[in-house]
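This is a predicted model, so every value here is computed, not measured. Order of listing sets the numbers, starting from 1, for every ligand and every atom in it.
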Amino acid sequence: MAKRIDPWGSQAFKDYEKLLKDFGIKPFKPVLKRIPDPHLLMRRGVIFGHRDFERVANTIKKKKEFVMMTGLMPSGKFHIGHKMLADQITYYQGLGAKIFLCVADIEAYNIRKTSMGELRKTAIEEYLTNYIALGLKPKNCDFYFQSERCSDGKQASAYYRLAGMISRKTTMNEMKAIYGELTPGKIMSVMIQVADILHPQLPEFGGPKPVVVPVGVDQDPHLRLTRDLAARSQSESNFILPSSTYHEFMPGLKGGKMSSSDPYSYIALTDDAKTVKEKIIKHAFSGGGGSIKEHREKGGNPDVDVSYKMLYMMFEPDDKKIKKIHNEYRSGKLLTGELKHMTIERINDFLEKHKKKREKAKGMVDKFLK
Ligand code: TRP
């Protein structure tokens, strides 16, 4: 992969180890033991990297105040890849974090060229509704749109002031080194994302405190820049450098990226049982042998098998059971067809319950939109 991460590109990340080395992200495993009740994605190494997470782990341990802030680009159907972040958000909310959830509508408007109306609809009907169904609570949750942010009811927006003022701390050359080719829209979006990440620490939002930003690794360029700009602003504001964690992406069904623009790459949270079955059977990449005979003899490769990965990353929370599945697939005892059916059953079980929760969630959306 290139020596540059493009947050707006469509590359699928493969070699996560190399990312740690190339960009100075710390491996997550060593901080694991400092977290009182680590999330499944942490335990299993799906969250593989971090910057300064020690600070957040200490804050959690001491039960002190902290913020979890992250954002979403509303782009089409909400799928199980998006669920990974939702699960982390509700995990931090459960630990008592104040949640800042940003709808990056200015970014999407500039980069994806969708209309503001369409973006708002997708953000609410797909993202927010599913977040609520997945357990997001209105208490301690500040859900906002980039285009509408103001300072808790005061007229002037401290957030936009921050985006404007902090842009003085960087140069075109630095931005080009991080992002490559720039457009005015990208520059705007970057400065606003810097404000997204830092504004929970403005006096208007309660002052400096530890902030953790859980994201996919494609967002790391923004975190590197934000941390540098926060360090350069110390004389004016006492921002604590934001912490971050990085999770692997849920692989697309065919391998590659799970992407809202290709329905056969994802399982949507609105897919029906028949669709899920068809998608997994026909499209999910298998690490199994070419024939039953070959599979029995040589075994399968769970590490590249998309059905296995989906169980590992999300749908089989029991550590003992997942280990058994891994070993039996590896040895050839468990066949691809059996693994796929197990995956279909788990996903459809989840989706059936989720459907009811989503119906209920629709009535709660207004509680999040002041
Ligand atoms: N750029 C992010 C994305 O493409 C969305 C985003 C906007 C964000 N502001 C943020 C993510 C702040 C984390 C923190 O998905």
Run the ring-ring contact (aromatic ring centres under 6.0 Å, His included) test on Phe48 and Phe28 for me, step by step, so that the C-alpha distance in whole Å, both residues' side-chain angles and the decisive distance to 0.1 Å come before the verdict. CA-CA 5 Å; Phe48 67 94; Phe28 199 80; 9.3 Å; no
Just which atoms of ligand 1 are under 4.0 Å from any heavy atom in Ala104? 5 (C), 7 (C)
Is Pro7 close enough to touch ligand 1? Criterion: a residue heavy atom under 4.0 Å from a ligand atom. no
Lys/Arg-Asp/Glu bridge criterion (N-O < 4.0 Å) met for Lys61, Glu54: no
Indicate whether the side chain of Ser259 and that of Asp262 have a donor and an acceptor atom separated by less than 3.5 Å. no
I'd like to know if the side chain of Thr336 and the backbone of Ser286 have a donor-acceptor N/O pair within less than 3.5 Å. no
Nearest-neighbour protein heavy atom for atom 9 (N) of ligand 1, which is reported as residue plus atom name and distance: Asp196 OD2, 2.8 Å
Tell me which protein heavy atom sits closest to atom 2 (C) of ligand 1, plus the residue, atom name and distance to 0.1 Å. Gln219 OE1, 3.1 Å
Just checking, Arg149 and Tyr144: is the charged tip under 6.0 Å from the six-membered ring centre and within 45° of the axis? yes
Check Lys279 with Asp271, please: is the shortest side-chain N to carboxylate O separation under 4.0 Å? yes
Look at atom 15 (O) of ligand 1 and say which protein heavy atom is nearest, naming residue and atom and giving the distance to 0.1 Å. Met73 N, 3.7 Å
Quick one: which ligand 1 atoms are inside 4.0 Å of a heavy atom on Val215? 13 (C)
How far is atom 13 (C) of ligand 1 from its nearest protein heavy atom, and which residue and atom is that? Gly71 N, 3.3 Å
Using distance alone, decide if ligand 1 has a nitrogen or oxygen within less than 3.5 Å of any nitrogen or oxygen in Gln193. yes
Per side chain to side chain contact (heavy atoms under 4.5 Å, CB included), His247 is matched among Met42, Met313, His39, Gln88 by Gln88
Check: of Glu107, Met69, His199, His82, min heavy-atom distance to atom 5 (C) of ligand 1 comes from Glu107
